[in-house]
Amino acid sequence: PLLVACQEGHSAVVLCLLRAGADTAARTSAGRTALQLAKEKGHTECERAFEAAAREAKRAEIEAKVERAVAERAAAERVEAERAAEEAAAALLAEEESEKCAEEKKKAK
């Protein structure tokens, strides 16, 4: 479908197919790609559709990387918060135990 859309100059169809994940490496029996067909036929709007789809794909890739980085940072912050809470709890328990021991020593005297 992408090869035919490029050959016939149907830029809206080309963009739709590219967004849907059409195989841009597919070739005609003569070995031409869809983009090559569009260029040969002078279908500049089809060429622009390829450029637009490439920009969209790159933008989506960058957004996915940012989302992963944000999620990783949030996970690291949660782990750090849990570690800090465990340390605080351990310190409180140790302080309580120390106070208990001090009171027992006073009672023993």
Colleague: Could you tell me which non-hydrogen atom of Leu15 sits nearest to which non-hydrogen atom of Ala49, and how far apart they are?
Modeller: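 Taking Leu15 first and Ala49 second, the nearest heavy atoms are CD1-O, 3.6 Å.
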Colleague: Of all the heavy-atom pairs spanning Leu3 and Ala26, show the shortest one and how long it is.
Modeller: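 Nearest pair, atom of Leu3 first, then Ala26: CD2-O, 3.9 Å.
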Colleague: Quick check for you: to the nearest 0.5 Å, what is the distance between Arg32 atom CZ and Lys39 atom NZ?
Modeller: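 If we round to the nearest 0.5 Å, Arg32:CZ and Lys39:NZ are 13.5 Å apart.
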Colleague: Any Lys/Arg nitrogen of Arg59 or Glu56 sitting under 4.0 Å from an Asp/Glu carboxylate oxygen of the other?
Modeller: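 No, Arg59 and Glu56 are not salt-bridged.
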Colleague: Answer yes or no: is there an ion pair linking Lys65 with Glu61, defined by an N-O contact shorter than 4.0 Å?
Modeller: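 Salt bridge present between Lys65 and Glu61.
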Colleague: Do Leu18 and Leu2 pass the side chain to side chain contact (heavy atoms under 4.5 Å, CB included) test, and can you show the C-alpha distance, the side-chain angles, and the key distance before you say yes or no?
Modeller: CA-CA 8 Å; Leu18 291 170; Leu2 183 60; 3.9 Å; yes
Colleague: Begin with the C-alpha distance, continue with both residues' side-chain angles, and end with the deciding distance and a verdict on salt bridge (charged side-chain N to carboxylate O under 4.0 Å, His left out) for Arg73 and Glu77.
Modeller: CA-CA 6 Å; Arg73 181 176 178 148; Glu77 288 174 353; 3.0 Å; yes
Colleague: From Lys106 NZ over to Cys101 SG, what is the distance, rounded to the nearest 0.5 angstrom?
Modeller: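 It comes to 13.0 Å.
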Colleague: Looking at every heavy atom in both Cys46 and Val14, which two are closest together, and how far apart are they?
Modeller: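 Of all heavy-atom pairs spanning Cys46 and Val14, the closest is SG-CG2, 3.8 Å.
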Colleague: Salt bridge between Arg78 and Glu82, side-chain N to carboxylate O under 4.0 Å?
Modeller: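 Salt bridge absent between Arg78 and Glu82.
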Colleague: So which of Glu47, Glu51, His43 actually passes side chain to side chain contact (heavy atoms under 4.5 Å, CB included) with Leu35?
Modeller: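 Testing Leu35 for a side chain to side chain contact (heavy atoms under 4.5 Å, CB included) against Glu47, Glu51, His43 leaves exactly one candidate, Glu47.
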Colleague: Which distance, rounded to the nearest 0.5 Å, do you find between the CG of Leu93 and the CD of Glu97?
Modeller: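 CD of Glu97 is found 8.5 Å from CG of Leu93.
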Colleague: Apply side chain to side chain contact (heavy atoms under 4.5 Å, CB included) to the pair Leu37 and Glu40, showing each step before the final yes or no.
Modeller: CA-CA 5 Å; Leu37 285 175; Glu40 288 172 7; 4.2 Å; yes
Colleague: Between Glu80 and Arg83, does any NZ, NE, NH1 or NH2 come within less than 4.0 Å of an OD or OE carboxylate oxygen?
Modeller: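 Salt bridge: yes.
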Colleague: With rounding to the nearest 0.5 angstrom, report the CD to SG distance, Gln36 to Cys6.
Modeller: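 Taking CD in Gln36 and SG in Cys6, the distance rounds to 10.5 Å.
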Colleague: Please report the interatomic distance CG(Asp23) to CG(Leu17), rounded to the nearest 0.5 Å.
Modeller: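 Reported value, rounded in 0.5 Å steps: 11.5 Å.
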